[in-house]
Amino acid sequence: MFGLSELALILLVVVVILAVRKLPELTRSAGKATRILKSEKRALKSDREGSDTV
């Protein structure tokens, strides 16, 4: 029968395997979110600069 340490090791291996499969998707999502935030920041900045001159 398995002990607690063996079960923890098996669980850790399963988590690592699942995380490796999802890693490309997660990095793609993070990059997309970063691009969206940058474009929104630029838009907000240009709106502020435009409203200051009016």
Enquirer: Rounded to the nearest 0.5 Å, what separation is found between the NZ atom of Lys41 and the CD1 atom of Ile36?
Expert: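 One gets 16.0 Å once the value is rounded to the nearest 0.5 Å.
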Enquirer: How long is the span from the NZ atom in Lys32 to the OG1 atom in Thr27, to the nearest 0.5 Å?
Expert: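 Answer for the NZ-OG1 pair, Lys32 versus Thr27, is 13.0 Å.
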Enquirer: Taking Gly3's backbone N and O only, do any of them form a donor-acceptor pair with Glu6's side chain (distance below 3.5 Å, no angle check)?
Expert: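 At least one qualifying donor-acceptor pair exists.
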Enquirer: Could you give the distance from CD1 (Ile17) to NZ (Lys22), rounded to the nearest 0.5 Å?
Expert: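 Between atom CD1 of Ile17 and atom NZ of Lys22 there are 14.5 Å.
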Enquirer: For atom CG of Leu18, decide whether the heavy atoms of other residues, nucleotides or ligands shown that lie under 6.0 angstrom number more than 12.
Expert: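 Count over threshold, so yes.
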